[in-house]
Amino acid sequence: MRRVYLDHAATTAVHPEVLQTMLPYLQDQFGNPSSIYSWGREAKAAIENARAQVAVLINADPSEIIFTGSGTEADNFALSGVTDALDQRGAHIITSKIEHHAILHTAEALERKGYKVTYLPVNTEGLVNPETLKEAFTEGTVLVSIMFANNEIGTIEPIAELAQITKEHGALFHTDAVQAVGNLPIDVKQLDIDLLSLSGHKIYGPKGVGALYVRRGTRIKPLLHGGAQERKLRAGTENVPGIVGLGKAAELARLELAERQTHLTELREYLIDGVLSSIDHVRLNGHRSLRLPGNTNFSFEYIEGESLLLSLDLAGIAASSGSACTSGSLEPSHVLMAIGLPHEVAHGSLRLTIGRENTKEDIDYLLSVLPNIVKRLRSMSPLAPKGGLSHVQ
Ligand SMILES: *Cc1c(COP(=O)(O)O)cnc(C)c1O
């Protein structure tokens, strides 16, 4: 049976060139980067090479890149580290209602420590309104954290404008760019961003490695204490193979960015047109054009996203119902709630995210099975209106 992976927002396959670059560091080049003999020096040099590769992808200086154990850790580090360093200045941060749980749950932990957090709403397309941000500042606002692009509905936020407003109010600006890096051009200098999170496994690199960009001069306290690694900001012996893999993945993302964007956008439009023209009572969630190149997210009325996932899995297709982190729970996705979907519509949502190795044949295969699955599930659904539904076919 054909197998088609359409869940690239959850994770991606390691690029073959990334794997080749990593292998020596899992074998002969096993030295500890803190050791002074040749094994150590070689590992250290490999890390610094990776740091430069990550830096150039987002137009940062290598000294501004701190490697972490994941995108989640980079998000935790940004919020906890900045609020910790600036606790004399104020205890208010601003974020949005549609952030990844790595941000939302860190913000909630800060609230339990006495911080005040404003969660900005979004419109029906998932956009934060810059005017709403302006109104949210208080005397003690130290940090604004708004994601670059949403992992569920793919909406790209007006980051340049949000960062500029934040500057005008004297606070620091962080963005969770885990989904945007490698998919969109990002220039931290031009955008005036102070902190940015990214992750290896979302950009065809390995799992368990990420990075936080921290603009030179930004005050931040460490999350982990121990050795002097990563400028004493992230203690612990470095994940050398992981970091080397992230570096290579960043380099490939930079070299292939234009090509990937074109390829993914073409397949995305083909998929969206195919679904909307062959299935009734379906809506596309997120913004029509301010959208990640590989993201699609639909709500199918009268069915459950979970049963859709199971049927697609039986057909060899990997997809997600809204967010990998919320699947398995009955709570509807906080993102779909924030864009104003009624519960029952949010429950019928399906995220299909395209990656570099997908082909038009993959999308054709999806389009050959999805309408029938939807039709069959609706015919069994107690939610469907009596008398059945018309199907465009
Ligand atoms: C995947 C993801 C994360 C978490 O990154 P990990 O490396 O898996 O911890 C954070 N934010 C967004 C937007 C993501 O998509």
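Under the salt bridge (charged side-chain N to carboxylate O under 4.0 Å, His left out) criterion, Glu64 pairs with no residue at all, not counting sequence neighbours. Applying the ring-ring contact (aromatic ring centres under 6.0 Å, His included) rule to Phe137 yields the partners His169; only residues at least two apart in sequence or on another chain are considered. Judged as a salt bridge (charged side-chain N to carboxylate O under 4.0 Å, His left out), and not counting sequence neighbours, Arg112 has no contacts. With sequence neighbours excluded, no residue forms a salt bridge (charged side-chain N to carboxylate O under 4.0 Å, His left out) with Arg268. Partners of Lys113 under the salt bridge (charged side-chain N to carboxylate O under 4.0 Å, His left out) rule, at least two apart in sequence or in another chain, do not exist in this structure. With sequence neighbours left out, Glu357 forms a side chain to side chain donor-acceptor pair (under 3.5 Å) with His8. In this view, Tyr5 satisfies the side chain to side chain donor-acceptor pair (under 3.5 Å) rule with no residue, not counting sequence neighbours.
Hydrophobic cluster membership of Leu310, counting Ile, Leu, Val, Met, Phe, Trp and Tyr whose side-chain heavy atoms lie under 4.5 Å apart directly or via other members: none, as it forms a cluster of its own. Hydrophobic cluster membership of Leu224, counting Ile, Leu, Val, Met, Phe, Trp and Tyr whose side-chain heavy atoms lie under 4.5 Å apart directly or via other members: none, as it forms a cluster of its own. In this structure, Ile93 belongs to a hydrophobic cluster whose other members, linked by side-chain heavy atoms under 4.5 Å apart, are Ile66, Phe77, Leu79, Val82, Leu86, Ile103, Leu104, Leu110, Tyr115, Val117, Tyr119, Val142, Leu143, Leu172, Leu195, Leu212, Val214, Ile220, Leu223, Leu233.
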Pairs of donor and acceptor atoms involving the side chains of residues 36-44, under 3.5 Å and at least two apart or interchain, shall be tabulated with distances.
unit_1: Tyr37; atom_1: OH; unit_2: Ser35; atom_2: OG; d: 3.2
unit_1: Arg41; atom_1: NH1; unit_2: Ile36; atom_2: O; d: 2.8

Distance-only donor-acceptor pairs under 3.5 Å for side chains of residues 15-25, two or more places apart:
unit_1: His15; atom_1: ND1; unit_2: Glu17; atom_2: N; d: 3.1
unit_1: His15; atom_1: NE2; unit_2: Arg356; atom_2: NH2; d: 3.2
unit_1: Thr21; atom_1: OG1; unit_2: Glu17; atom_2: O; d: 2.6

